[in-house]
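In what follows, a structure is listed as structure tokens, so that the remarks can point back to it.
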Amino acid sequence: MDQLDNILTKFSFWSRFLGYLLIVGGGLLLLACGPFILSLSYLGAIGILPIVIGVFLLKAGNRARDFVDTDEDASFNLMMTNLLNYIKWQVVFWLSLSVVALLVMSLLFFLGYKF
């Protein structure tokens, strides 16, 4: 059990650290692009998704820490659920970002921009 506790302790630290970074980064993205990014709902989602992803990762890290402290199965199950949600939302984020990049490149191509 010591090896699992060690792994979960490291996971807890890094997932919480990266969760905070994603939340702060998403907030900065929304502030930097403010009115423009929120005026287009699709681009607004790209600004909000890092915050949502960061929250899921932060929750997974907190549940991992709870599991190490209490050894309750409910904490482990919640950790895995939040981690699964993080992975699903990460896929949605990258797919939406790819679609926006394709749309921008197509628009530039049709406007005559040479790559």
Side-chain angles (χ1 to χ4, degrees):
M1 214 45 180
D2 289 332
Q3 186 178 9
L4 179 62
D5 287 348
N6 188 24
I7 291 170
L8 286 176
T9 302
K10 289 178 184 177
F11 171 77
S12 173
F13 170 77
W14 282 108
S15 63
R16 289 176 31 235
F17 177 73
L18 292 175
Y20 285 126
L21 283 180
L22 282 167
I23 292 169
V24 170
L28 290 175
L29 180 64
L30 285 175
L31 285 176
C33 300
F36 174 72
I37 203 167
L38 291 176
S39 64
L40 302 170
S41 62
Y42 197 77
L43 292 178
I46 289 178
I48 293 171
L49 281 174
I51 296 171
V52 172
I53 292 169
V55 168
F56 281 124
L57 199 55
L58 187 63
K59 285 181 179 180
N62 287 335
R63 294 300 76 79
R65 186 180 54 190
D66 290 346
F67 181 72
V68 169
D69 293 342
T70 63
D71 214 24
E72 292 179 6
D73 289 340
S75 295
F76 185 79
N77 292 338
L78 283 172
M79 176 194 68
M80 294 307 289
T81 301
N82 286 317
L83 193 56
L84 178 63
N85 287 333
Y86 163 76
I87 292 168
K88 287 191 288 190
W89 280 97
Q90 188 78 309
V91 169
V92 168
F93 174 69
W94 285 108
L95 287 176
S96 61
L97 197 61
S98 300
V99 167
V100 168
L102 281 172
L103 289 174
V104 168
M105 287 176 25
S106 299
L107 179 67
L108 290 175
F109 176 75
F110 287 120
L111 290 176
Y113 184 79
K114 302 210 188 264
F115 292 99

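These values consider heavy atoms only, across backbone and side chains, with no hydrogens, waters or symmetry-generated copies.
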So if you build clusters from Ile, Leu, Val, Met, Phe, Trp, Tyr with side-chain heavy-atom gaps below 4.5 Å, do [X] and [Y] land together?
X	Y	answer
Leu84	Leu18	no
Val24	Leu49	no
Leu28	Ile51	no
Leu83	Trp94	yes
Phe13	Leu78	no

Could you tell me whether the side chain of [Y] reaches within less than 4.5 Å of the side chain of [X], counting heavy atoms only?
X	Y	result
Lys88	Asn85	yes
Leu4	Phe67	yes
Leu8	Met79	yes
Leu107	Leu103	no

At their closest point, which heavy atom of [X] faces which heavy atom of [Y], and how far apart are they?
X	Y	answer
Trp89	Ile53	O-CD1, 3.5 Å
Ala60	Phe11	O-CE2, 3.9 Å
Ser75	Asp66	OG-CB, 3.6 Å
Phe56	Asn82	O-CB, 3.7 Å

**Prompt:** Above 12 or not: heavy atoms from other molecules or residues under 6.0 Å from CZ of Phe76?
**Reply:** no
**Asked** Got a donor-acceptor contact below 3.5 angstrom from the Ser12 side chain to the Gly61 backbone?
**Response** yes
**Asked** Which one of Asn6, Thr9, Ile7 satisfies the side-chain contact (heavy atoms from CB on, under 4.5 Å) criterion with Val68?
**Response** Thr9
**Request:** Hey, could you give me the CG/CD distance between Leu57 and Gln90, rounded to the nearest 0.5 Å?
**Result:** 8.5 Å
